[in-house]
Amino acid sequence: MTKALATYFATIQDMPDTEFKVEILEDGPIKKVAVNGKIYEVDYNLGGDTIHSIIMDHQSHGVQISNAGHNIYDIKHKQDYFQVQVINELIKMRQSHTQSVAAGRQIVTAQIPGVILKVYVNPGDEVKAGTPLCVLVAMKMENEIKSPIDGIVKEVYIQDEDKVAVNEKMMIIE
């Protein structure tokens, strides 16, 4: 099997317990994409701001794709409508890590080097697990950092436009 150039995980709003693993295997005029292990050859063209012409198995499909925010996309194809959340491997890894080990006092650190785009919380704020804390921009991608636990923000060591290094302490939540 070819090593994936990029891997994403997609869930459909109406099917939250079903996850699709999407791997980009080859990039070029015709992309080779694996969805849950099944390989497709895909060609697409952008026909406007949100209209995409996607050719799969020698059939053309007109699909409207709109960004609904926070890695969520509205997709319309003929009479069908889907709301899909797409996350990359880093976010998937972070989610699985925080879901399995988060308990007690948490020190939120930068998992990758980057620049803080926006800090959403202040010391004393009450947060729930999954509450967005800040946005870290790395490799031209915005990564929303979320609270691993329910708790109170005790310390905030970052502010908008700060540069952070790997494992740099950003916040403490208790």
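The figures here come from the full heavy-atom set of this structure, side chains too, leaving out hydrogens, waters and symmetry mates.
Separating the CG atom in Asp74 from the CD atom in Gln83 is a distance of 5.0 Å, to the nearest 0.5 Å. Of the inter-residue distances, the one linking Glu144 atom CD with Ile87 atom CD1 reads 12.0 Å to the nearest 0.5 angstrom. Between atom NE2 of residue His77 and atom CD of residue Gln79 there is a gap of 10.5 Å, rounded to the nearest 0.5 Å. In this structure, CG on Asn143 lies 11.0 Å from CG on Leu117, to the nearest 0.5 angstrom. One distance of note links CD of Glu155 with CG of Asn122; it measures 12.0 Å at 0.5 Å rounding. If you take CD on Gln64 and OG1 on Thr50, they are separated by 4.0 Å, rounding to the nearest 0.5 Å.
The nearest pair of heavy atoms linking Ile149 to Gln106 is CD1-CG, 3.7 Å. Nearest heavy atoms, Val127 versus Ser147: CG2-OG, 3.5 Å. Between Val156 and Val153, the shortest heavy-atom distance links the atoms CG2-CG1, 3.5 Å. Looking at every heavy atom in both residues, Ser60 comes nearest to Ser53 through OG-OG, 3.5 Å. Shortest non-hydrogen contact noted between Lys146 and Gly130 is CD-O, 3.3 Å. Closest approach of Pro113 and Ala138 over heavy atoms only: O-CB, 3.2 Å.
Atom OH of Tyr44 has 12 or fewer heavy atoms from other residues, nucleotides or ligands within 6.0 Å. With a 6.0 Å radius and a threshold of 12 heavy atoms from other residues, nucleotides or ligands, Lys31 has its NZ atom above the threshold. Around the CG atom of Asn36, the shell of radius 6.0 Å holds more than 12 heavy atoms that belong to other residues, nucleotides or ligands. No more than 12 heavy atoms of other residues, nucleotides or ligands sit less than 6.0 Å from atom CD of Glu161. Environment of CG in Asn67: crowded, with over 12 heavy atoms of neighbouring residues, nucleotides or ligands closer than 6.0 Å.
Grouping the Ile, Leu, Val, Met, Phe, Trp and Tyr side chains by contacts below 4.5 angstrom, directly or via other members, places Ile24 with Val63. Residues Val166 and Ile116 do not share a hydrophobic cluster, clusters being chains of Ile/Leu/Val/Met/Phe/Trp/Tyr side chains in contact below 4.5 Å. Hydrophobic clustering (ILVMFWY, side-chain heavy atoms < 4.5 Å, transitive): Val33 and Ile65 are in one cluster. Residues Val86 and Phe82 are members of one and the same hydrophobic cluster, defined by side-chain heavy-atom contacts under 4.5 angstrom among Ile, Leu, Val, Met, Phe, Trp and Tyr. The hydrophobic clustering, which links ILVMFWY residues whose side-chain heavy atoms are closer than 4.5 Å, places Met56 and Val35 together.
Looking only at side-chain heavy atoms (C-beta outward), Glu19 and Thr11 come within less than 4.5 Å of each other. Considering only heavy atoms from C-beta on, Leu133 stays 4.5 Å or farther from Tyr120 through its side chain. Annotation: side chain of Pro29 is not in contact with side chain of Asp43 (no heavy-atom distance under 4.5 Å).
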For a side chain to side chain contact (heavy atoms under 4.5 Å, CB included) check, start with the C-alpha distance between Phe20 and Ile12, then their side-chain angles and the critical distance, and finish with the verdict. CA-CA 9 Å; Phe20 299 91; Ile12 299 172; 3.9 Å; yes
What verdict does the side chain to side chain contact (heavy atoms under 4.5 Å, CB included) test give for Gln111 and Ile145, after you've listed the backbone C-alpha separation in whole Å, the side-chain angles of each residue and the deciding distance to 0.1 Å? CA-CA 10 Å; Gln111 299 299 306; Ile145 310 303; over 6 Å; no
Carefully, step by step, assess Ile54 and Val42 under the rule side chain to side chain contact (heavy atoms under 4.5 Å, CB included). CA-CA 7 Å; Ile54 300 173; Val42 180; 3.9 Å; yes
Audit row: Glu89, Phe9, side chain to side chain contact (heavy atoms under 4.5 Å, CB included) steps and yes/no: CA-CA 7 Å; Glu89 281 183 294; Phe9 299 88; 4.0 Å; yes
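In terms of modelled atom types and a separation under 3.5 Å, the side chain of Asp150 and the main chain of Ala129 share a donor-acceptor contact.
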